[in-house]
Visitor: 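Below is one structure. I have some questions about it.
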Amino acid sequence: MILVFAEQRDGVLKKASKEAVSEGKRLSSKLSVPVAALLMGKGADQAVDEVKKFGPDKVFVMEGASLDQYSADGFAEATANVAKEQGATVILFPATTMGVDVSPRVAARVEAGLVSDITGLDVADGKLVAIKPVYSGKALATVKFKSDIQMVTLRSNVFPLEENSSAPEVTKVDAAGISPKGMVVSTELKEGGKVELGEAAIIVSGGRGLKGPENFPLIEEVARLLGGAVGASRAAVDAGWIEHSHQVGQTGKVVSPVVYIACGISGAIQHIAGMGSSKFIIAINKDEDAPIFNIASLGIVGDLFKIIPALTEELKKLA
Ligand SMILES: Cc1cc2nc3c(=O)[nH]c(=O)nc-3n(C[C@H](O)[C@H](O)[C@H](O)COP(=O)(O)OP(=O)(O)OC[C@H]3O[C@@H](n4cnc5c(N)ncnc54)[C@H](O)[C@@H]3O)c2cc1C
């Protein structure tokens, strides 16, 4: 069986989970084994209808007091238990913050090989073959498994969504035996209503070229008009202009949106490591030799303080 950890929050299925279930479905035809989605934590039951749209043969729903608040070891124990009971040979996770936190703990518990943050997946001789960007995205490694159980985390916005309605068997799994070592007592959402960076289809990112925190509203407005999220280079984060949760790159988040707009960002290798797999990159930079132009699909050489307000005006006309 292929088991897909389908992350949900308060009954809302993450887009990255839909991508993972879609990929699980594609793999299930290649491997000729069924695919199951695992929903866990508070609200899991409400996410069943949504996950069904992506074609799982089975859905496991695990709710209970020990899973009401997220904990890495509680969720890992619960996932590992289901994987063992069902004899899962392939386990897919979305490479979300939660997926990255839980998956290695599951891998250790079920003695699986784990390839993280992959951008391609295929099957050869009945085993998975994963494509993983390495050296800050400069090369792609093709990774094969020696272990019997094979696990991967899938980079967001890379694997296509495929609706494939099914009528799966839905099974409630008892969470009573799960006893996490530590419990999160409560969580607070900091930026209610804003688009999450890792899931955004459009990201507008600002760098040192923005000159100061007072100019971030310029790109926030563009992001708002486009329904996107705001990213930043480390230079902007280190200068205290914006919080680290917005940082894109080697020591920030790895994103792969449909459109990435880099404003006043030079394109250092550590930044590209986090956004180089974006589908369409637009760079605005006054230096025509800036390395960001080497990977840009569309480059605009000029002063962002003139270009961004003009872009904002045009977007407002379309809104
Ligand atoms: C171990 C390590 C990890 C790192 N991790 C990360 C990471 O995760 N993410 C990350 O981003 N960086 C990371 N860095 C830092 C990285 O090397 C760069 O220093 C950083 O990305 C530079 O940010 P920047 O492009 O905003 O600034 P700069 O390199 O200073 O570039 C600013 C750009 O703005 C342009 N500009 C200036 N004014 C204007 C204007 N008016 N109009 C248009 N363009 C203008 C300039 O031409 C320039 O190209 C890391 C470095 C190390 C050593």
Visitor: Could you tell me whether a side-chain N or O of Asp73 sits under 3.5 Å from a main-chain N or O of Lys181, the two making a donor and an acceptor?
Guide: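 Checking the backbone N and O of Lys181 against the side chain of Asp73, a donor-acceptor pair under 3.5 Å is found.
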Visitor: When rounded to the nearest 0.5 angstrom, what distance separates OG in Ser17 from CG in Leu92?
Guide: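 Taking OG in Ser17 and CG in Leu92, the distance rounds to 11.0 Å.
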Visitor: Does atom CD (Glu214) have a neighbourhood of more than 12 heavy atoms from anything else shown, all under 6.0 Å?
Guide: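 Count over threshold, so yes.
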Visitor: Is any side-chain heavy atom of Leu197 closer than 4.5 Å to a side-chain heavy atom of Val248?
Guide: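 The answer is yes; the side chains approach within 4.5 Å.
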Visitor: Does the side chain of Thr171 come within less than 4.5 Å of Val59's, by heavy atoms?
Guide: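 Not in contact.
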Visitor: Closest heavy-atom contact between Ala76 and Arg105?
Guide: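 For Ala76 versus Arg105, the nearest heavy atoms are CB-CB, 3.4 Å.
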Visitor: Looking only at non-hydrogen atoms, find the nearest pair between Ser71 and Gly182 and report the distance.
Guide: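 Looking at all heavy atoms of both residues, the closest pair is CB-O, 3.5 Å.
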Visitor: Check whether any side-chain heavy atom of Leu67 sits under 4.5 Å from a side-chain heavy atom of Met62, and report yes or no.
Guide: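 Sidechains of Met62 and Leu67: in contact.
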Visitor: Any donor and acceptor pair, going by atom type alone, linking the side chain of His271 with main-chain N or O of Ile265 inside 3.5 Å?
Guide: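 No; judged by distance alone, with no hydrogens or angles, the pair does not exist.
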Visitor: Can you tell me if Asn164 uses its side chain to pair, donor with acceptor, with the backbone of Ser22 under 3.5 Å?
Guide: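 A pair under 3.5 Å: no.
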Visitor: Please list, one pair per line, the donor and acceptor atoms closer than 3.5 Å that link side chains of residues 84-91 to other protein atoms, with sequence neighbours excluded.
Guide:
none

Visitor: Salt bridge or not between Arg26 and Glu162? Use side-chain N to carboxylate O under 4.0 Å.
Guide: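 Counted as a salt bridge, because a side-chain N and a carboxylate O are separated by less than 4.0 Å.
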Visitor: Salt-bridge test for Glu7 and Arg9: reply yes if a basic N is under 4.0 Å from a carboxylate O, no otherwise.
Guide: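 Yes.
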Visitor: Return yes if some donor-acceptor pair links the side-chain N/O of His246 with the main-chain N/O of Val230 below 3.5 Å, else return no.
Guide: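 Side chain of His246 to backbone of Val230: a pair is present.
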Visitor: Check whether any side-chain N or O of Glu63 sits under 3.5 Å from a backbone N or O of Ala44 as a donor-acceptor pair, and report yes or no.
Guide: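 Present.
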Visitor: So, Arg155 versus Ser277: side-chain donor-acceptor pair below 3.5 Å or not?
Guide: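 Checked: Arg155/Ser277 side chains pair up, N/O donor to acceptor below 3.5 Å.
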Visitor: What closest approach, in Å, do Leu114 and Ala107 show between heavy atoms, and which atom pair accounts for it?
Guide: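 Shortest heavy-atom separation between Leu114 and Ala107 comes out as CB-CB, 4.0 Å.
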Visitor: Got a second to check how far Leu27's CG is from Leu121's CG, nearest 0.5 Å?
Guide: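 CG of Leu121 is found 4.5 Å from CG of Leu27.
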Visitor: Go through Leu39 and Val51 one step at a time and tell me if the side chain to side chain contact (heavy atoms under 4.5 Å, CB included) criterion holds.
Guide: CA-CA 9 Å; Leu39 294 163; Val51 88; 4.0 Å; yes
Visitor: Below 4.5 Å, heavy atoms only, C-beta onward: do Ile219 and Ile308 meet side chain to side chain?
Guide: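 The answer is yes, as the side chains (C-beta and beyond) meet within the 4.5 Å cut-off.
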Visitor: Same cluster or not: Leu225 versus Ile300, using hydrophobic residues (I, L, V, M, F, W, Y) connected whenever any side-chain heavy atoms lie under 4.5 Å apart?
Guide: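 Yes; tracing contacts between hydrophobic side chains, which count when under 4.5 Å, links both residues.
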Visitor: Determine, using the 4.5 Å side-chain heavy-atom cutoff (strictly less than), whether Val110 and Ile2 are members of one ILVMFWY cluster.
Guide: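 Val110 and Ile2: separate clusters.
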Visitor: Please examine the side chains of Arg234 and Thr251, heavy atoms only from C-beta on, and report whether any two atoms are closer than 4.5 Å.
Guide: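 Side chain of Thr251 against side chain of Arg234, heavy atoms only: contact under 4.5 Å found.
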Visitor: In terms of hydrophobic clustering (I, L, V, M, F, W, Y; side-chain heavy atoms under 4.5 Å; direct or indirect links), are Phe60 and Leu13 co-clustered?
Guide: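 No.
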Visitor: For Ile261 and Phe280: C-alpha separation, side-chain torsions, deciding distance, then whether side chain to side chain contact (heavy atoms under 4.5 Å, CB included) applies.
Guide: CA-CA 9 Å; Ile261 308 179; Phe280 197 84; over 6 Å; no
Visitor: Given side chain to side chain contact (heavy atoms under 4.5 Å, CB included), test Asn215 with Trp241 step by step and report yes or no.
Guide: CA-CA 9 Å; Asn215 294 321; Trp241 300 348; over 6 Å; no
Visitor: At their closest point, which heavy atom of Ala72 faces which heavy atom of Asp101, and how far apart are they?
Guide: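 Closest approach of Ala72 to Asp101, heavy atoms only: CB-OD2, 3.5 Å.
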Visitor: Does Lys144, at its NZ atom, have more than 12 non-hydrogen atoms belonging to other residues, nucleotides or ligands within less than 6.0 Å?
Guide: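 No, not enclosed.
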Visitor: Check side chain to side chain contact (heavy atoms under 4.5 Å, CB included) between Val12 and all other residues, then give those that pass, not counting sequence neighbours.
Guide: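 Testing Val12 for side chain to side chain contact (heavy atoms under 4.5 Å, CB included), a comparison that skips the adjacent residues, returns none.
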Visitor: Side chains of Lys58 and Met1: does their closest heavy-atom pair fall under 4.5 Å?
Guide: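 A side-chain contact under 4.5 Å exists here.
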Visitor: To the nearest 0.5 Å, how far apart are CG in Leu304 and SG in Cys263?
Guide: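 It comes to 6.5 Å.
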Visitor: So that I can tick it off, tell me whether Lys286 and Asp303 are bridged by a salt bridge, with the cut-off set at under 4.0 angstrom between side-chain N and carboxylate O.
Guide: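 A salt bridge is absent here (no side-chain N lies under 4.0 Å from a carboxylate O).
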Visitor: Step by step, work out the side chain to side chain contact (heavy atoms under 4.5 Å, CB included) result for Ile131 and Ile118.
Guide: CA-CA 6 Å; Ile131 305 295; Ile118 63 158; 5.9 Å; no
Visitor: Can you give me the closest heavy-atom contact between Val100 and Pro104, atom names plus distance?
Guide: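 Closest heavy-atom pair between Val100 and Pro104: O-CD, 3.1 Å.
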Visitor: Using a strict 4.0 Å threshold on nitrogen-to-oxygen distance, state whether Glu163 and Lys18 make a salt bridge.
Guide: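 No, this pair does not count.
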Visitor: Is it the case that one hydrophobic cluster holds both Val222 and Phe305, taking links as side-chain heavy atoms less than 4.5 Å apart, direct or via other members?
Guide: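 Yes.
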Visitor: Do the rings of Phe5 and Phe93 sit parallel, tilted or perpendicular, given the 30° and 60° boundaries?
Guide: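 Phe5 vs Phe93 ring planes: parallel.
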Visitor: Atom CG of Leu311 and atom NZ of Lys316: how far apart are they, to the nearest 0.5 Å?
Guide: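 Answer rounded to 0.5 Å: 11.0 Å.
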Visitor: Using modelled atom types and a 3.5 Å cut-off, is there a donor and acceptor pairing between side-chain atoms of Ser156 and backbone atoms of Ala16?
Guide: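 Not confirmed, Ser156 side chain does not pair with Ala16 backbone.
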Visitor: So, Ser147 side chain and Ile149 main chain: donor-acceptor pair closer than 3.5 Å or not?
Guide: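 Between the backbone of Ile149 and the side chain of Ser147 there is a qualifying donor-acceptor contact (under 3.5 Å).
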Visitor: Please round to the nearest 0.5 Å and tell me the distance separating atom CD1 of Ile203 and atom OG of Ser256.
Guide: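 If we round to the nearest 0.5 Å, Ile203:CD1 and Ser256:OG are 9.0 Å apart.
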Visitor: Do Ile281 and Ser297 have side chains that get closer than 4.5 Å, going by heavy atoms?
Guide: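 With C-beta onward as the side chain, the pair touches.
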Visitor: Please confirm whether the backbone N or O of Leu128 pairs with a side-chain atom of Gln150, one donor and one acceptor, at under 3.5 Å?
Guide: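 Here the side-chain-to-backbone pair exists.
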Visitor: Side chains of Val255 and Tyr260: closer than 4.5 Å at any heavy-atom pair?
Guide: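 Val255 vs Tyr260: side chains touch.
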Visitor: Is it the case that more than 12 heavy atoms not belonging to Asp238 sit under 6.0 Å from its CG atom?
Guide: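 Yes, CG of Asp238 has more than 12 neighbouring heavy atoms, counting only those of other groups under 6.0 Å.
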Visitor: Tell me whether Val4 shares a hydrophobic cluster with Val82, the cluster being built from Ile, Leu, Val, Met, Phe, Trp, Tyr side chains joined at under 4.5 Å.
Guide: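 Different hydrophobic clusters.
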Visitor: Do the charged groups of Glu19 and Lys15 touch, with an N to O distance under 4.0 Å?
Guide: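 Salt bridge between Glu19 and Lys15, a charged N being under 4.0 Å from a carboxylate O: yes.
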Visitor: Using the side chain to side chain contact (heavy atoms under 4.5 Å, CB included) criterion, which residues pair with Glu111? Sequence neighbours excluded.
Guide: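 Partners of Glu111 by the side chain to side chain contact (heavy atoms under 4.5 Å, CB included) criterion come out as none, since no residue qualifies.
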Visitor: Does any N or O in the side chain of Lys30 come within less than 3.5 Å of the main-chain N or O of Asp122, such that one atom is a donor and the other an acceptor?
Guide: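 Checked: no pair found.
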Visitor: Are any side-chain N or O atoms of Asn157 and backbone N or O atoms of Ala200, one a donor and one an acceptor, separated by less than 3.5 Å?
Guide: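 A pair under 3.5 Å: yes.
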Visitor: Nearest 0.5 Å, what's the CZ-OG distance between Phe75 and Ser103?
Guide: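 Output value for this atom pair is 13.5 Å.
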Visitor: Check Lys53 with Asp49, please: is the shortest side-chain N to carboxylate O separation under 4.0 Å?
Guide: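 No salt bridge links Asp49 with Lys53.
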Visitor: Work out which heavy atom in Pro34 is nearest to a heavy atom in Ser28; give both atom names and the distance.
Guide: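 The answer is C-CB, 4.3 Å.
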